[in-house]
Amino acid sequence: MRRLSFTVAILSGLAVSPAMAQFPPPGVYTCSPIEGPVLGTLSLLVAGDYSWQPVSGTPGQGQVASSGTDVDALTGPLADAHWHGSFATQAGATRFTFATDQGVTVCAIPA
C-alpha cells in the first residue's frame, strides 16, 4: 500500500510540473507585418543564435531565448526592436508571431 501511495504521489507531481521547454526549429524564415511587404530574413540557428538580414538597413546577429513556445530576442537588432512572441508548428510548418516596436511581425519558411 505504501508503494502505491508513493507511485501516485510521483505521478501527481508529474501531472502538474511545467511543460518541458521547446526550442524553435532552426531554419530561414521570411518576416513581414501581417499585411505588408517583407521586412527581412531571420536565419535561426541551433542554441538560439540568429542572423537578421533586413530588406533595408544593417544586418546583424544575436541570440533568442525560448520558454515553451514563447520566444524573446535577448541581444542584437531584434532585441533592440523589442521582438517578443511565440511560435507554433502545425503539419511540419513553423510560424512565429512577434510583437515589435514596428507592430506585429510574422515569420515563416516560404512555401
Side-chain angles (χ1 to χ4, degrees):
M1 185 63 154
R2 182 174 275 199
R3 177 173 273 170
L4 178 62
S5 296
F6 181 73
T7 303
V8 169
I10 289 175
L11 293 175
S12 297
L14 291 174
V16 297
S17 64
M20 292 185 66
Q22 299 178 32
F23 202 81
V28 179
Y29 297 85
T30 299
C31 302
S32 60
I34 289 179
E35 293 182 21
V38 171
L39 296 174
T41 302
L42 173 63
S43 298
L44 186 59
L45 309 172
V46 294
D49 294 322
Y50 74 84
S51 176
W52 172 245
Q53 180 65 52
V55 171
S56 63
T58 306
Q61 299 175 343
Q63 184 104 51
V64 297
S66 67
S67 175
T69 58
D70 293 338
V71 180
D72 293 305
L74 300 176
T75 62
L78 303 186
D80 295 343
H82 304 108
W83 285 42
H84 303 285
S86 62
F87 73 95
T89 302
Q90 293 179 321
T94 299
R95 176 180 165 139
F96 293 86
T97 304
F98 291 101
T100 75
D101 289 348
Q102 293 77 31
V104 177
T105 298
V106 176
C107 301
I109 294 177

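In what follows, every heavy atom counts, from backbone to side chain, and hydrogens, waters and symmetry copies are set aside. Starting from 1, each residue takes its place in the sequence as its number.
- Interatomic distance, CG of L44 versus OG of S66, reported as 9.0 Å (0.5 Å rounding).
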Can you list the steps and then say if R95 with V106 is a side chain to side chain contact (heavy atoms under 4.5 Å, CB included)?
CA-CA 7 Å; R95 176 180 165 139; V106 176; 3.4 Å; yes

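- A donor-acceptor contact shorter than 3.5 Å links the side chain of T100 to the backbone of G103.
- Looking at heavy atoms from C-beta onward, L45 lies out of side-chain contact with P26 at the 4.5 angstrom threshold.
- With T75 contributing its side chain and Q63 its backbone, the two residues share a donor-acceptor pair below 3.5 Å.
- Of all non-hydrogen atoms in A73 and V64, the two that sit nearest each other are CA-CG1, 3.9 Å.
- Ring orientation note: the planes of W52 and W83 are nearly perpendicular, at an angle over 60° on the 30°/60° scale.
- Across P54 and P59, no two heavy atoms sit closer than the pair CD-CA, 3.6 Å.
- Here the side chains of P37 and V55 are not in contact, with every heavy-atom distance at 4.5 Å or above.
- In this structure the side chain of L39 reaches within 4.5 angstrom of the side chain of P33, judged on heavy atoms.
- Of all heavy-atom pairs between V38 and S32, the closest is CA-CB, 3.8 Å.
- Here CD of Q53 is found 9.5 Å from OG1 of T58. Values are rounded to the nearest 0.5 Å.
- The minimum heavy-atom distance linking G85 with F98 is given by the pair N-CD2, 3.8 Å.
- Between F96 and F87, the angle of the ring planes lies from 30° to 60°, which puts this pair in the tilted group.
- In this structure, CD1 on I109 lies 11.5 Å from OG1 on T41, to the nearest 0.5 angstrom.
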